[in-house]
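Sequence positions, counted from 1, serve as the residue numbers for this chain.
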Amino acid sequence: MEKRIYPQAIESVVMPEPFGKQSFNDAKKAVAALQTLYDRNTKFLRDSFAALAAGGDESKRYRAFYPQIGVTTTSFSQVDSRQAYGHMPTPGNFATTITQPQLFENYLIEQLRLIMRNHGVTVTVSESTTPIPLHFAFLEGTYVDGAAAERIKRPIRDLFDVPDLDGTDDQIANGTFEVAFGEPRPLAPFTAQRIDYSLHRMTHYTATSPHHFQNFVLFTNYQFYIDEFVARARELMASGDSGYIEFVEPGNVVTGNGATVSEGTPPQRLPQMPAYHLKKRGHGGITMVNIGVGPSNAKTITDHIAVLRPHAWVMLGHCAGLRNTQALGDYVLAHAYVREDHVLDDDLPVWVPIPPLAEIQVALQEAVAEVTGLSGYDLKRIMRTGTVATIDNRNWELRDQRGPVQRLSQSRAIALDMESATIAANGFRFRVPYGTLLCVSDKPLHGELKLPGMATEFYKRQVAQHLTIGIKAMEKLAEMPMERLHSRKLRSFSETAFQ
């Protein structure tokens with residue numbers, strides 16, 4: 001019988017030098033301190049791993065903590081009632097852990113600036129009590145040699161902290177988080193470890209770095225839209241004077257103005273939900289993601305992109321028209337949703353209404369009018385505003401028609417798809433302004449389907465126009481002050497100060 005060798009017990013925990021709490025009344029300086037602390041602590045973990053792989057001391061545990069931002073308010077400050085974020089609802093202590101301050105620099109500076117302005121308080125930077133998992137300390141794109149890891153005889157979990165799913169959840173965003181007695185209330189909707197988890201998943205699903213994502217996101221369920229977006233983006237890069245500075249494709253392939261490819265390698269095969277980024281400075285450009293078909297994909301990718309705190313996301317895709325008066329190619333601007341996707345039932349009950357957001361609706365309607373040349377009453381010829389039903393059964397037509405058709409009629413639905421309500425509901429849940437503009441591609445209830453040959457011509461003509469509308473709408477939203485775009489409709493009774 002093989003003799004089993006037990007490793008010696010862990011003798012002590014090795015950590016970086018303690019970081020003294022620092023107070024700031026300047027948002028930029030506070031974020032710089034966060035960056036310094038984050039860089040130091042993640043480097044400590046990387047260096048410790050490298051030393052162990054080279055034969056270092058395995059009788060010690062290595063640990064470093066996430067940075068933390070804290071704010072204390074002592075009065076019910078009177079703030080502009082039009083503001084949806086940037087203020088605390090009640091006096092008290094508030095805090096949040098922080099990861100990747102460089103990626104979130106502009107966001108953090110703006111959130112802290114508003115809090116300082118609205119409450120007249122300083123913010124503190126300190127170390128939290130939440131350890132940084134080793135997996136999240138490596139720099140993006142780092143390759144860990146399997147042979148090096150194998151030289152460490154003890155399980156990694158004995159030596160380093162690893163991702164802890166018990167503390168990686170959406171309780172804050174869902175409104176179910178309960179603050180323990182004596183603990184600070186949350187300052188932001190996501191904790192550092194929840195953000196790190198999503199940043200890693202985002203890279204996996206889209207084959208692009210989170211650093212490339214823009215603040216205005218288009219989702220689609222058809223590759224035709226991506227092909228058109230890529231062609232349009234390459235034309236803009238070739239022109240060199242569009243206002244966009246780079247175009248990024250899967251594999252982090254970067255094309256700059258003048259159509260010069262500067263970096264990146266196309267992947268051998270596309271990922272599950274490839275992303276494409278038409279970039280402006282300050283992340284003010286447009287990201288487009290092909291989410292494929294189904295509510296599961298729609299939930300998965302929006303769960304992760306939400307941690308980047310985008311300013312808006314909009315669904316552009318095809319749908320089944322449910323009214324006899326609709327024609328193939330007509331547009332549907334969703335102002336309500338029937339949710340039969342079921343993927344969010346545990347996080348956002350189906351009795352929660354998903355309201356339309358005026359700023360998004362107006363931008364989409366204006367874009368349709370400008371691109372089609374129609375306005376006023378004439379616009380109703382090719383666009384209908386109404387309820388979109390989202391279902392999780394792609395072959396719903398094959399079921400007994402009395403059930404689904406009756407429900408669709410009672411709900412006043414005018415279109416059916418598999419993603420829109422999921423994207424809107426997750427926008428509502430995560431306080432990301434959302435909207436939906438669909439194009440009728442068939443009318444199954446009326447036996448009107450595209451014949452062979454018709455489909456190719458339909459997609460060629462309609463996708464180009466639909467995408468133009470989507471891009472124009474996003475550009476309109478980008479010109480809007482963000483405090484107007486982030487609607488108070490998305491805020492609950494007791495909200496985090498961070499948007």
Side-chain angles (χ1 to χ4, degrees), residues 216-233 235-236 239 242-244 278 285-286 288 312-337 356-388 412-417 419-420 423-424 433-443 446 448-450 454-480 485:
F216 299 89
V217 184
L218 292 172
F219 297 108
T220 188
N221 53 7
Y222 274 90
Q223 181 63 31
F224 302 103
Y225 287 85
I226 296 297
D227 294 341
E228 182 68 23
F229 187 73
V230 170
R232 193 82 55 90
E235 289 177 4
L236 292 172
S239 72
S242 63
Y244 294 97
L278 191 52
I286 300 170
M288 191 164 200
W313 61 40
V314 168
M315 176 67 188
L316 294 183
H318 289 167
C319 66
L322 300 178
R323 302 302 180 93
N324 196 41
T325 53
Q326 291 170 302
L328 301 188
D330 280 359
Y331 294 112
V332 172
L333 177 59
H335 74 179
Y337 301 88
L357 304 180
E359 294 78 9
I360 305 288
Q361 300 296 94
V362 169
L364 287 169
Q365 180 169 305
E366 288 180 348
V368 174
E370 291 176 19
V371 172
T372 63
L374 300 174
S375 61
Y377 194 61
D378 287 338
L379 193 60
K380 293 179 180 290
R381 294 178 184 176
I382 54 99
M383 186 182 79
R384 184 161 179 168
T385 301
T387 298
V388 170
R412 312 300 195 266
I414 62 172
L416 180 77
D417 80 344
E419 300 87 21
S420 292
I423 288 170
Y434 52 84
T436 300
L437 184 71
L438 302 176
C439 180
V440 175
S441 61
D442 54 45
K443 295 168 61 182
H446 311 284
E448 190 171 345
L449 306 175
K450 295 181 292 296
M454 288 174 57
T456 301
E457 182 58 33
F458 169 81
Y459 290 132
K460 186 184 302 182
R461 179 185 70 255
Q462 208 61 31
V463 165
Q465 185 184 78
H466 196 184
L467 180 64
T468 300
I469 291 167
I471 291 174
K472 185 173 287 291
M474 287 309 211
E475 290 176 339
K476 287 177 176 292
L477 293 171
E479 294 172 356
M480 187 180 300
L485 181 55

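Scanning all heavy atoms of the two residues, the minimum distance from A413 to R323 falls at O-NE, 3.2 Å. T387 and R412 get closest at one heavy-atom pair: CB-O, 4.0 Å. The heavy-atom pair separating V368 from L437 by the smallest distance is CG2-CD2, 3.8 Å. For M474 against A312, the heavy-atom pair with the smallest separation is CE-O, 4.0 Å. Of all non-hydrogen atoms in Q465 and V371, the two that sit nearest each other are CG-CG1, 3.7 Å. Of all heavy-atom pairs between H466 and G317, the closest is CE1-O, 3.6 Å.
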Next item on the list: Please test I423 against T436 for side chain to side chain contact (heavy atoms under 4.5 Å, CB included), starting from the C-alpha separation and ending with a verdict.
Entry: CA-CA 9 Å; I423 288 170; T436 300; 6.0 Å; no
Next item on the list: Give the intermediate values and the outcome of side chain to side chain contact (heavy atoms under 4.5 Å, CB included) for residues D442 and H318.
Entry: CA-CA 9 Å; D442 54 45; H318 289 167; over 6 Å; no
Checklist line | Worked check of side chain to side chain contact (heavy atoms under 4.5 Å, CB included) between K476 and E370 | finding: CA-CA 12 Å; K476 287 177 176 292; E370 291 176 19; 2.7 Å; yes
Next item on the list: Under the side chain to side chain contact (heavy atoms under 4.5 Å, CB included) rule, what do F229 and L316 come out as? Steps first, then yes or no, please.
Entry: CA-CA 12 Å; F229 187 73; L316 294 183; over 6 Å; no
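Counting heavy-atom neighbours within 6.0 Å of K472 NZ, excluding the residue itself, gives a total of 12 or less.
When only modelled atom types and interatomic distance are considered, Q462 and Y331 share a side-chain donor-acceptor pair under 3.5 Å. Side-chain contact annotation: Y222 with E228, donor-acceptor N/O pair under 3.5 Å absent.
Atom CG of residue D417 and atom OH of residue Y337 lie 9.0 Å apart, to the nearest 0.5 angstrom. The CD atom of Q365 sits 10.0 Å away from the OG atom of S375 when rounded to the nearest 0.5 Å. Here the CG atom belonging to L218 is positioned 10.0 Å from the CG atom belonging to L278, to the nearest 0.5 angstrom. Note that the NE2 atom of H335 and the CD1 atom of I414 stand 7.0 Å from one another [nearest 0.5 Å]. One finds the CG atom of L477 at 8.5 Å from the CD atom of E359 (value rounded to the nearest 0.5 Å).
By the side-chain hydrogen bond (donor to acceptor under 3.5 Å, both in side chains) test, T468 is found to be paired with R232, residues two or more places apart in sequence or in another chain being considered.
At a threshold of 4.5 Å between non-hydrogen side-chain atoms, the residues Y434 and L357 count as touching. Side-chain atoms of L485 and I360, non-hydrogen and from C-beta on, do get closer than 4.5 Å to each other. Counting only heavy atoms from C-beta outward, the side chains of D330 and C439 never approach each other to under 4.5 Å. When side chains are defined from C-beta on, C319 does not count as touching V388, because their heavy atoms never get closer than 4.5 Å.
The aromatic rings of F219 and W313 stand perpendicular to each other, their planes meeting at an angle above 60°, with 30° marking the opposite boundary.
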Would you list the atom pairs, donor with acceptor, under 3.5 Å between side chains in residues 377-386 and any protein atom, with sequence neighbours excluded?
from: D378; atom 1: OD1; to: R381; atom 2: NH2; distance (Å): 3.4
from: R384; atom 1: NH1; to: T325; atom 2: OG1; distance (Å): 3.4

